[in-house]
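To start, the structure under review is shown below, and the notes come after it.
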Amino acid sequence: MMEPNHEYFMELAFREAQAAFEETEVPIGAVVVINGQVYGRGHNRTEALKDATAHAEMIAITSATEKLGDWRLEDAVLYCTIEPCAMCAGAAVLSRIKTIVYGAKDPRFGACGSLFDIPTDIRLNHRIEIIPGVMEQEAIDLMQLFFRQVRANKEKIN
């Protein structure tokens with residue numbers, strides 16, 4: 001079996017993150033890939049939908065399960081620009097995702113090794129392979145740019 005092109009699929013996740021950025025959402029994007037085909041994609045929509053669960057990963061997972069017609073994503077790889085939070089990591093475990101590939105760590109909310117390590121917790125019935133650091137600097141740069149703009153806009157308002 002060929003090694004997946006993680007950078008290629010992470011680029012697709014970055015396109016989703018850019019869409020979030022343009023919508024003034026925290027710029028995180030995600031795609032779900034099964035056997036080299038994109039089954040789901042999403043970007044943060046928490047502000048637009050007024051929904052704390054509208055994270056990129058949750059939207060991508062839901063999209064993939066709808067396309068696949070099954071809640072089990074056993075052969076899936078979830079690509080995320082930023083390390084998933086506890087909610088998204090939990091959803092990945094419950095969805096039986098095989099691998100999570102992410103860009104930058106999230107020391108405040110990350111649940112794939114930074115703050116928690118939900119996907120590899122031996123107390124759970126399913127464990128997920130984690131591949132961190134794919135296009136890490138690009139993820140960091142986009143997040144920093146977004147939050148610089150947020151702070152600058154707040155200063156203009158005040």
Side-chain angles (χ1 to χ4, degrees), residues 1-21 25-46 49 51-144 146-147:
M1 183 179 238
M2 285 182 46
E3 185 68 25
N5 185 340
H6 294 314
E7 288 79 16
Y8 172 79
F9 292 113
M10 188 62 81
E11 280 286 345
L12 299 179
F14 269 96
R15 289 183 196 167
E16 292 294 323
Q18 188 62 40
F21 184 93
E25 297 274 359
V26 176
I28 299 174
V31 295
V32 174
V33 176
I34 302 172
N35 297 323
Q37 181 180 351
V38 175
Y39 272 72
R41 56 181 76 228
H43 59 272
N44 276 4
R45 303 277 325 235
T46 54
L49 299 177
D51 180 356
T53 68
H55 288 195
E57 301 92 331
M58 300 295 283
I59 293 168
I61 289 169
T62 299
S63 177
T65 60
E66 288 173 0
K67 183 172 182 176
L68 188 61
D70 192 355
W71 61 270
R72 292 172 196 87
L73 300 173
E74 294 167 340
D75 295 322
V77 179
L78 173 62
Y79 290 87
C80 317
T81 56
I82 300 294
E83 178 183 3
C85 70
M87 174 183 65
C88 296
V93 169
L94 292 172
S95 299
R96 311 292 195 268
I97 284 175
K98 182 179 178 181
T99 306
I100 295 173
V101 178
Y102 70 83
K105 290 187 175 294
D106 184 348
R108 291 184 62 216
F109 298 103
C112 296
S114 290
L115 186 60
F116 303 108
D117 200 357
I118 292 169
T120 61
D121 192 316
I122 61 171
R123 296 169 294 181
L124 301 175
N125 68 330
H126 177 73
R127 278 163 290 296
I128 300 172
E129 175 189 20
I130 304 296
I131 301 173
V134 176
M135 298 179 64
E136 180 178 21
Q137 192 58 54
E138 292 90 333
I140 291 168
D141 292 347
L142 184 59
M143 292 292 278
Q144 288 177 342
F146 176 78
F147 285 110

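The salt bridge (Lys or Arg N to Asp or Glu O under 4.0 Å) pairs that include a residue from residues 117-134 are Asp121-Arg123, where partners are two or more places apart or lie in different chains. Judged as a salt bridge (Lys or Arg N to Asp or Glu O under 4.0 Å), the pairs with a partner in residues 72-87 (not counting sequence neighbours) are, in order, Asp70-Arg72. Listed by first and then second residue, the salt bridge (Lys or Arg N to Asp or Glu O under 4.0 Å) pairs involving residues 99-115 amount to none (not counting sequence neighbours).
Looking only at side-chain heavy atoms (C-beta outward), Phe9 and Val38 come within less than 4.5 Å of each other. Looking only at side-chain heavy atoms (C-beta outward), Leu78 and Glu57 come within less than 4.5 Å of each other. No side-chain heavy atom of Phe146 sits less than 4.5 Å from a side-chain heavy atom of Glu25. Inter-residue side-chain proximity for Thr81 and Glu138 is flagged as unmet; no heavy-atom pair is nearer than 4.5 Å.
Partners of Ala64 by side chain to side chain contact (heavy atoms under 4.5 Å, CB included), not counting sequence neighbours, listed by chain and number: Val32, Tyr39, Leu73. Residues satisfying the side-chain hydrogen bond (donor to acceptor under 3.5 Å, both in side chains) test with Gln137, not counting sequence neighbours, are Asp141. Evaluation of the side chain to side chain contact (heavy atoms under 4.5 Å, CB included) rule for Ala111 yields Ala86, Ala89, Phe116, Ile118 as partners, not counting sequence neighbours.
Note: Tyr79 and His6 have tilted aromatic rings, judged against thresholds of 30 and 60 degrees for the angle between ring planes.
In this structure, Ala91 and Met58 approach most closely via the heavy-atom pair CB-SD, 3.5 Å. Listed here is the closest heavy atom pair of Ser95 and Ile61: OG-CG2, 3.5 Å. Across Val31 and Ala13, no two heavy atoms sit closer than the pair CG1-N, 4.0 Å. The two atoms that bring Ile128 and Val93 nearest to each other are CD1-N, 3.6 Å, heavy atoms only. Met143 approaches Ile82 most closely through the heavy-atom pair CG-CD1, 3.6 Å. Nearest heavy atoms, Met10 versus Val134: CE-O, 3.7 Å.
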- [ ] Run the numbers on His43 and Ile59 for side chain to side chain contact (heavy atoms under 4.5 Å, CB included), then give the verdict.
- [x] CA-CA 7 Å; His43 59 272; Ile59 293 168; over 6 Å; no

Open item on the list: If you apply the rule side chain to side chain contact (heavy atoms under 4.5 Å, CB included), what do you find for Val77 with Lys98, and how did you get there?
Closed with: CA-CA 6 Å; Val77 179; Lys98 182 179 178 181; 5.6 Å; no

- [ ] Any chance you could lay out the side chain to side chain contact (heavy atoms under 4.5 Å, CB included) test for Val26 and Phe147, step after step, and finish with the verdict?
- [x] CA-CA 8 Å; Val26 176; Phe147 285 110; 4.1 Å; yes

Task: Worked verdict on Glu16 versus Asn44 for side chain to side chain contact (heavy atoms under 4.5 Å, CB included) - done: CA-CA 8 Å; Glu16 292 294 323; Asn44 276 4; over 6 Å; no

